[in-house]
Amino acid sequence: MKIVMIAGSNRRNATSTILVKAMARRLERMQAEVDLFDLAETPLPFYSPDESFASHAGVQRLNRLMLEADGIVLATPEYHGSISGVLKNALDFLGQDHFAGKPVLSVSSAGGAVGVSSLMQLQTIVRNLHGINCPEWISIGGAQRARYENPSDAALDARAEQGLEAFVELASKLSNAKVV
Ligand SMILES: Cc1cc2nc3c(=O)[nH]c(=O)nc-3n(C[C@H](O)[C@H](O)[C@H](O)COP(=O)(O)O)c2cc1C
């Protein structure tokens with residue numbers, strides 16, 4: 001199973017990205033093939049419907065990975081009760097071809113206790129793209145973020161572990177049900 005994770009922050013050592021990297025290690029131990037698209041490492045140009053980005057290496061990679069994905073994880077810092085600008089911009093390059101019928105797990109990191117607003121916004125975008133929202137989602141907030149401040153060895157907390165397991169279960173059910 002191919003899982004593509006988009007880390008939606010351009011902040012160095014973003015807790016949302018460190019959380020996603022810990023999730024990637026856990027998914028690999030579950031035998032999933034994982035690709036991380038980190039918007040801090042690969043900044044994308046501003047999307048414009050008037051321009052063709054076909055020769056942009058980052059846009060090409062995002063497009064290819066997302067077409068091949070069996071499941072998708074979207075992670076965002078909560079900014080002004082919503083998702084980050086860089087994640088929204090990346091999603092504007094994508095469409096139903098990349099999302100339709102695929103399970104999507106939403107993940108956020110917030111200054112407040114929990115980042116529900118950004119998770120709701122992400123799920124609305126996923127619904128518009130005809131992705132299948134995982135009923136579980138993962139949010140870290142407030143002091144809980146301390147666990148995800150060290151890039152090298154952050155381990156998932158029990159709540160994140162539970163959200164990830166629900167996502168993997170949904171992804172396996174959908175891939176078993178796929179008619180080829
Ligand atoms: C521009 C901006 C807007 C923010 N807005 C919110 C917000 O609406 N609610 C909230 O709980 N935290 C807010 N925060 C705090 C971030 O969500 C918090 O620092 C989060 O952990 C950032 O994620 P990161 O570690 O992945 O960068 C905001 C931070 C910034 C820079």
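First listed ligand is number 1; within each ligand, the first listed atom is number 1. Values below: all heavy atoms of this structure, side chains included; hydrogens, waters and symmetry mates excluded.
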Set of residues satisfying side-chain contact (heavy atoms from CB on, under 4.5 Å) with respect to Ala90, sequence neighbours excluded: Leu39, Leu44, Leu62
So, taking the atom named CE in Met5 and the one named CG in Leu19, what distance separates them when rounded to the nearest 0.5 Å? 8.0 Å
May I have the list of side-chain donor-acceptor pairs in residues 116-124 shorter than 3.5 Å, sequence neighbours left out?
unit_1	atom_1	unit_2	atom_2	d
Ser118	OG	Glu78	OE1	2.6
Ser118	OG	Gly115	O	3.0
Gln123	NE2	Cys134	O	3.4
Thr124	OG1	Met120	O	3.0

Main-chain N/O of Ser82 paired to His80 side chain as donor or acceptor, under 3.5 Å: no
Assess the side chains of Ser139 and Ser108: does a donor N or O sit below 3.5 Å from an acceptor N or O? yes
Name the residues in contact with ligand 1, where contact means a heavy atom under 4.0 Å away: which are they? Ser9, Arg11, Ala14, Thr15, Ser16, Pro77, Glu78, Tyr79, His80, Gly81, Ser109, Ala110, Gly111, Gly112, Arg145
Holding to side-chain contact (heavy atoms from CB on, under 4.5 Å), I want the full list of residues that pass it with Ala69, two or more places apart in sequence or in another chain. Val4, Ile72, Lys102
